[in-house]
Amino acid sequence: MSTLARKKGVGAVIWDYLTTVDHKKIAILYLIAGGFFFLIGGLEALFIRIQLAKPNNDFLVGGLYNQVLTMHGTTMIFLAAMPLVFAMMNAVVPIQIGARDVAFPFLNALGFWLFFFGGVFLNLSWFLGGAPDAGWTSYASLSLESPGHGIDFYVLGLQISGFGTLMGGINFLVTIINMRAPGMTYMRMPMFTWATFVTSALILFAFPPLTVGLIFMMMDRLFGGNFYNPAGGGNTIIWEHLFWIFGHPEVYILVLPAFGIFSEIFATFSKKRLFGYSSMVFATVLIGFLGFMVWAHHMFTVGMGPIANAIFAVATMAIAVPTGIKIFNWLFTMWGGNIRFTTPMLYAVAFIPSFVMGGVTGVMNAAAAADYQYHDSYFVVAHFHYVIVGGVVFALLAGAHYWWPKMFGKMLNETLGKITFWLFFIGFHLTFFIQHFLGLMGMPRRVFTYLPGQGLETGNLISTVGAFFMAAATIVLLVNVVITTAKGQKAEADAWGDGRTLEWAVASPPPEYNFAQTPLVRGLDALWIEKMEGKKGLTPAEPLGDIHMPNPSILPFIISLGLFIAAFGFMYHNEYSWGLFVGIGGLLITLGSMFLRSVIDDHGFHIHKEEVLEAEKGVKA
Amino acid sequence: MANQTNTGNPNVDLAYRRKKNAEEMKHQVISFILMIALTLVAFFAVGYDEFSHWFSVPFILLLAVVQVAFQLYYFMHMSHKGHELPALFLYGGVLVAFLTVWAFMTVVWW
Amino acid sequence: MHVEEKLTAETFPASPEKATLEGKNKFLGFWLFLGGETVLFASLFATYLALRDKTAGGPSAEELFKMPLVFVATMLLLTSSLTSVYAIYHMKNFDFKKMQLWFGITVLLGAGFLGLEIFEFNEYVREGHVFTKSAFASSFYTLVGTHGAHVAFGLLWILTLMIRNAKRGLDLYNAPKFYVASLYWHFIDVVWVFIFTVVYLMGMVG
């Protein structure tokens with residue numbers, strides 16, 4: 001398999017993707033799956049906004065509304081945002097550090113399939129008795145009482161997906177630590193790689209508490225446990241602590257890669273190196289570190305007392321400092337630069353005021369006393385959508401445009417891209433800006449309707465209009481993707497012309513082995529340095545030789561399938577006698593596949609020097 | 001530690017390495033004996049009724065931490081070169097672990 | 001250094017587990033995993049500490065735990081940690097047979113520990129201390145049971161390695177695997193030190 005065009009049947013392509021361990025293909029899988037779930041989450045959002053467009057509406061009410069609401073949040077965070085972040089990380093980071101793949105390619109594939117099956121399992125709830133309905137935070141008192149299996153779908157689906165994410169985190173940490181090209185010290189890594197590094201550390205430490213919380217929830221709901229059940233001596237607060245000890249770092253897991261993406265984009269399209277690189281690195285690490293100290297700011301009104309509240313309030317406000325450093329550094333990067341307003345740059349420039357608005361309402365929420373008013377109102381909804389959409393979603397759209405040529409070999413259409421941007425930007429502010437005021441006027445969260453005559457009608461209507469703008473933007477984006485795939489403009493290695501980092505030195509899309517010869521990195525913005533010295537390409541750090549590559553495998557798919565089957569068994573074991581049998585059977589499939597993986601030797605294969613030379617010649621055209 | 005000082009004579013190198021490994025193994029056995037001792041002391045402190053639990057609980061926790069340090073630094077070789085990053089991440093985990101335990105012991109209540 | 005190359009005592013590197021890139025990656029990746037496991041067990045410990053007085057009328061820690069049994073279990077597991085160190089010592093000396101022997105002893109000691117624990121849980125169930133009885137019971141069985149599950153998995157892991165590699169001896173492909181399995185085995189002893197201290201000893205002190 002090389003970049004030389006090869007006629008392959010559909011079946012062969014499907015098998016290729018089912019068994020791939022190549023980080024570039026896995027990135028595409030994450031992009032497609034994440035994109036698909038983003039559309040589902042977006043539809044759920046649209047339904048919510050349609051229902052809330054006018055008071056006493058009956059489009060989507062009661063328990064069903066609660067399900068749509070819960071699935072909107074859960075899908076967007078776990079099945080859309082995180083996978084899309086992983087798509088970017090997979091597509092870019094190994095190449096940015098001059099490596100041929102991640103440290104554990106098999107585990108990389110396994111991580112994807114676990115996420116995929118977890119997401120499918122969760123969404124099957126729609127067809128099997130109802131989706132979870134206790135909010136994306138699924139607080140213990142409510143979720144323990146929830147009838148039907150909705151919450152069980154939540155617990156088991158997220159548990160399976162979570163394993164995948166944890167593997168991804170460890171994989172990227174080892175890759176970045178052990179596999180950087182010669183000359184790439186830590187302080188010469190691109191900012192997106194730094195962001196991935198810190199994010200992966202956050203994943204490593206934040207997902208275990210979620211794992212434990214979900215295990216307890218599963219025990220209580222399916223096996224008679226007493227962790228959260230007061231009647232048995234349990235305590236509902238334990239869920240809240242475990243969830244938010246995970247949940248707060250989770251939002252930094254989402255936003256730090258977004259910051260990394262924007263750092264790349266600001267530098268590239270200002271044709272100027274990132275201002276204050278060391279302080280950017282320091283700020284990223286500090287945000288990651290502080291991110292673990294603030295979780296109880298989600299629990300100010302729960303009764304922890306003034307001392308605990310004060311500690312968490314101050315810690316939360318402290319995070320604004322390194323974040324502010326980043327904002328200023330991005331602005332100073334642009335200042336004096338040669339700015340090109342490409343689609344990615346538009347998102348980047350729009351991100352600055354949008355995210356800052358979300359950040360300042362964050363500081364408002366951080367004041368524990370004030371939060372007693374904001375908590376559970378639309379003010380909070382406005383805040384987090386400003387940081388998540390204004391931060392993460394803008395970054396994902398920007399990153400998709402920026403790295404599309406690298407992933408697919410074609411440039412997305414700029415005109416359509418700009419239309420998407422403007423529709424989305426306008427829609428986003430229309431929807432969420434007014435929600436600050438709806439919240440301040442007293443509209444609570446998670447309500448399926450409101451009464452007329454309270455001053456909430458106009459705001460909600462405007463908010464709904466904005467949602468349709470965002471929907472239109474999404475449709476234009478889809479059209480863009482289809483048109484580009486059919487007859488888009490072919491991309492060069494340095495697709496945007498001003499690439500500064502290593503990924504722009506390899507073909508678009510790169511050959512299977514990324515680099516014919518591992519490059520020698522001579523400083524920050526490694527490619528830019530070579531360009532400024534008039535070199536055509538990178539300086540190699542090794543002679544041309546046979547390249548060792550990992551073998552594809554169907555086992556990651558089967559391991560994940562086993563857990564998917566087991567989840568059904570355990571979920572239904574109290575009602576059906578086959579439950580336990582299927583559950584254990586599924587686990588055996590998983591363990592059996594793991595056993596096969598362990599005992600069957602897998603030494604990979606070699607791409608011979610001659611094939612590499614052939615491929616490189618084709619590329620140089 | 002255990003770096004090959006290349007004398008060019010593989011037999012000499014091998015003998016050197018064997019000696020180094022044996023020395024290290026001796027340290028491991030001493031660590032083990034100390035760990036058994038720490039365990040015995042802990043059991044004794046709890047069994048002995050004269051000690052108030054205000055003393056014995058912090059005491060046995062301290063003994064546990066010391067014993068774990070032996071496991072990490074000797075049995076798991078965390079004292080060797082090349083373990084800087086493993087140590088960093090393990091301590092990172094310890095930090096989050098500590099925060100979690102602290103939270104559950106202070107702000108979980110009925 | 002090709003990974004399946006037949007080596008001798010002289011050519012076998014000083015740190016065989018880190019002599020290849022794959023070995024270095026496995027080594028680092030596993031330590032990172034242990035960092036994550038630390039947080040996992042900490043969450044279980046934290047919950048146990050919060051819930052340990054909530055016995056809902058069932059038997060309490062003081063009534064249930066028996067010092068001698070816990071002491072013997074601790075000695076078994078601690079000794080098995082030492083025997084796994086011996087095994088790796090022999091691995092570094094390129095002595096495959098002795099390494100296998102000491103890993104075998106490790107497995108036997110670990111199996112002894114597990115057997116004792118199963119016996120212990122059986123006794124508790126007989127005394128009315130069941131998972132569904134109370135928050136204390138649920139958190140006890142989840143914490144100690146998760147540790148036990150880790151022990152069981154570790155035993156299967158080491159056994160699989162021993163059997164799979166019995167015919168081919170040591171090389172740079174399996175050296176990292178043995179090393180990482182022994183790191184895992186040490187870690188579950190680390191967790192046990194905290195379990196016998198926090199659950200059993202603190203339980204008996206009151």
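Chain naming here is simple, since letters A, B, ... match the order of the sequence lines and numbering starts at 1 in each.
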Check: Atom CD of Q67(B) and atom CH2 of W192(C): how far apart are they, to the nearest 0.5 Å?
Finding: 12.0 Å

Margin query: Please classify the contact between T79(C) and chain B as side chain, backbone, both or neither, with a heavy-atom cut-off of under 4.5 Å.
Written below: both

Item checked: Stepwise side-chain contact (heavy atoms from CB on, under 4.5 Å) test for V198(C) and L61(B) -> CA-CA 8 Å; V198(C) 169; L61(B) 283 171; 4.0 Å; yes

Item checked: Note, M35(B) side chain near L78(C) side chain (heavy atom, < 4.5 Å) -> yes

Check: Is the shortest heavy-atom distance from the side chain of F43(B) to the side chain of T74(C) under 4.5 Å?
Finding: yes

Notebook entry, point to check: Does any heavy atom of chain B fall under 4.5 Å from the side chain of V191(C), the backbone, both, or neither of them?
Noted result: neither

Notebook entry, point to check: chain B heavy atoms under 4.5 Å from K24(C): which part of the residue, side chain, backbone, both or neither?
Noted result: neither

Item checked: Taking every non-hydrogen atom, the tightest pair across F194(C) and V68(B) -> CE1-CG2, 3.5 Å

Checklist line | Neighbour count >12 (heavy atoms, 6.0 Å) for atom CZ, F55(B) | finding: yes

Note to self: Rounded to the nearest 0.5 Å, what separates atom CD in E24(B) from atom NZ in K92(C)?
What the structure shows: 6.5 Å

Note to self: Just verifying a value: how many Å separate L72(B) CG and L34(C) CG, rounded to the nearest 0.5 Å?
What the structure shows: 9.0 Å

Margin query: Below 4.5 Å, heavy-atom pairs only: which of F196(C), F45(C), F30(C) has the largest tally toward chain B?
Written below: F196(C)

Note to self: I'd like to know whether CH2 of W109(B) has more than 12 heavy-atom contacts from other residues, nucleotides or ligands below 6.0 angstrom.
What the structure shows: yes

Check: Would one find more than 12 heavy atoms of other residues, nucleotides or ligands at under 6.0 Å from atom CG of N122(C)?
Finding: yes

Item checked: Option in I88(C), L183(C), L40(C) with maximal non-hydrogen atom pairs under 4.5 Å from chain B -> L183(C)

Margin query: Heavy-atom cut-off 4.5 Å, strictly under: side chain, backbone, both or neither for Y179(C) against chain B?
Written below: side chain

Notebook entry, point to check: Checking S56(B) against chain C: side chain, backbone, both or neither under 4.5 Å from a heavy atom?
Noted result: side chain

Next item on the list: Identify the two heavy atoms, one from G93(B) and one from V39(C), that lie closest to each other, and give their separation to 0.1 Å.
Entry: O-CG2, 3.6 Å

Check: How many angstroms lie between atom OG of S81(C) and atom CZ of F32(B), to the nearest 0.5 angstrom?
Finding: 9.0 Å

Check: L40(B) and F71(C): which non-hydrogen atoms are nearest, and at how many Å?
Finding: CD2-CZ, 3.4 Å

Checklist line | V85(C) side chain near F75(B) side chain, heavy-atom distance below 4.5 Å | finding: yes

Notebook entry, point to check: Where do A42(B) and L201(C) come nearest, in terms of heavy atoms and distance?
Noted result: CB-CD1, 3.8 Å

Item checked: Which atom of G47(B) lies closest to which atom of M67(C), heavy atoms considered -> CA-CE, 3.4 Å

Next item on the list: Tell me, out of Y74(B), F89(B), F51(B), Y91(B), who's got the most heavy-atom pairs with chain C below 4.5 Å.
Entry: F89(B)

Notebook entry, point to check: What distance separates L82(C) CG from I33(B) CD1, expressed to the nearest 0.5 Å?
Noted result: 9.0 Å

Item checked: Winner by heavy-atom pair count (cut-off under 4.5 Å) against chain C, out of M78(B), H53(B), M25(B) -> M25(B)

Next item on the list: Mind listing the closest non-hydrogen atom pair of A64(B) and T197(C) along with its distance?
Entry: CB-OG1, 3.5 Å

Item checked: Atom pair CZ/CE of F187(C) and M76(B) - distance to nearest 0.5 Å -> 7.0 Å

Next item on the list: Step by step, work out the ring-ring contact (aromatic ring centres under 6.0 Å, His included) result for H77(B) and F27(C).
Entry: CA-CA 12 Å; H77(B) 308 300; F27(C) 168 84; 9.4 Å; no

Check: How about K19(B): does its NZ atom have over 12 heavy atoms from other parts shown lying under 6.0 Å from it?
Finding: no

Next item on the list: For each of V96(B), I36(B), L85(B), V108(B), tally heavy-atom pairs with chain C at distances under 4.5 Å, and name the one with the top tally.
Entry: I36(B)

Item checked: Contacting region of A22(B) [heavy-atom separation from chain C under 4.5 Å] -> both

Note to self: Which atoms of Y86(C) are under 4.5 Å from chain B, going by heavy atoms: the side chain, the backbone, both sets, or neither?
What the structure shows: both

Margin query: Donor-acceptor check, side chain of R17(B) to backbone of N93(C), threshold 3.5 angstrom: yes or no?
Written below: no

Note to self: Does any backbone or side-chain atom of S84(C) lie under 4.5 Å from a heavy atom of chain B? Answer side chain, backbone, both or neither.
What the structure shows: neither

